[in-house]
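Here's the structure, in structure tokens; my notes come after.
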Amino acid sequence: MQKSSNGHDSPTTTAAEGLNPALARNIDAVMQRRRKNQDTASAQERAAAAISKFAGSMMFVYIHIAFYGAWIIANLGLIPSLQPWDPSLVILAMEASVEAIFLSTFVLINQNRMAAEDDLRADLDLQVSLLNEHETTRLIAMVEAIANKLNVPSGADDELHELKKDVAPEAVLDRLEKGER
């Protein structure tokens, strides 16, 4: 596949089967951005993400079943050769509470990072949508001008007048905020 001067696949070259070149280029750009974000994450962010990922795995569940099960069995006196050290299981409950505090903190750190990434993606989506709206508005005006020049009648003149208006994002946001109150 040929690369354009900016290093991306050229939109006029063939892409992977089932993908058009522009879509393949966009996927590559998104994946490249994700890798860049992962590479630039701080050590604390990477640690929180790794801990959150492990805490959300079945291996974590299995380890806890084994650990807590063994602790409970040992402290209920079910192993005759072992003297219980926490017969009321208070130490186990305290350990579980401290672990829960730390795990929830790691999950919140990871969620905050993900929320910031989601905000950036939402901003990008908004910008692309606004650009698409602007381009569509211009195309409608251009097609109407061509139709007028060729004397092609349109039965949707009132609707065309509305569609040719640019969308003011500030007005849409103001309306949405007003509707939330």
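Numbering starts at 1 and runs along the sequence shown. Being a predicted model, the structure only gives us computed values, none of them experimental.
In the hydrophobic cluster analysis, where Ile, Leu, Val, Met, Phe, Trp and Tyr join through side-chain heavy atoms closer than 4.5 angstrom, Ile79 is grouped together with Ile72. Residues Phe60 and Phe106 share a hydrophobic cluster, clusters being chains of Ile/Leu/Val/Met/Phe/Trp/Tyr side chains in contact below 4.5 Å. Leu92 and Leu76 end up in the same hydrophobic cluster when Ile, Leu, Val, Met, Phe, Trp and Tyr side chains are linked at under 4.5 Å. Hydrophobic clustering (side-chain heavy atoms under 4.5 Å, transitive across Ile, Leu, Val, Met, Phe, Trp, Tyr) keeps Tyr68 apart from Met94. Each of Val30 and Met114 belongs to its own hydrophobic cluster when Ile, Leu, Val, Met, Phe, Trp and Tyr are linked at side-chain heavy-atom distances under 4.5 angstrom.
Formation of a donor-acceptor pair under 3.5 Å by the Asp86 side chain with backbone atoms of Asn75 is not found in this model.
Among all heavy-atom pairs drawn from Leu82 and Trp85, the shortest one is CD2-CZ3, 3.9 Å. The shortest heavy-atom contact between Thr105 and Ile101 is OG1-O, 2.9 Å. The minimum heavy-atom distance between Ala55 and Leu103, with the atom names listed, is CB-CD2, 3.7 Å.
Distance CD1/Ile140 to OG1/Thr136: 6.5 Å, rounded to 0.5 Å. Rounding to the nearest 0.5 Å places CZ of Arg25 at 9.5 Å from CG of Asp28. Considering CG of Leu120 and CG of Asn37, their distance stands at 7.5 Å, rounded to 0.5 Å. Remark: Asp125 CG to Asn132 CG distance equals 12.0 Å, nearest 0.5 Å.
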Practice problem: For side chain to side chain contact (heavy atoms under 4.5 Å, CB included), just list the numbers for Asp166 and Arg138, CA-CA rounded to whole Å, side-chain angles, deciding distance to a tenth of an Å, and then say yes or no. | Solution: CA-CA 9 Å; Asp166 271 321; Arg138 294 295 160 246; 2.6 Å; yes
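More than 12 heavy atoms of other residues, nucleotides or ligands lie within 6.0 Å of CZ in Phe54, so this atom counts as buried by the packing criterion.
Among pairs with a residue in residues 32-53, none fulfils salt bridge (charged side-chain N to carboxylate O under 4.0 Å, His left out), at least two apart in sequence or across chains. Within the structure, every pair that satisfies the salt bridge (charged side-chain N to carboxylate O under 4.0 Å, His left out) test and touches residues 105-121, not counting sequence neighbours, is listed here: Arg113-Glu117, Asp118-Arg121.
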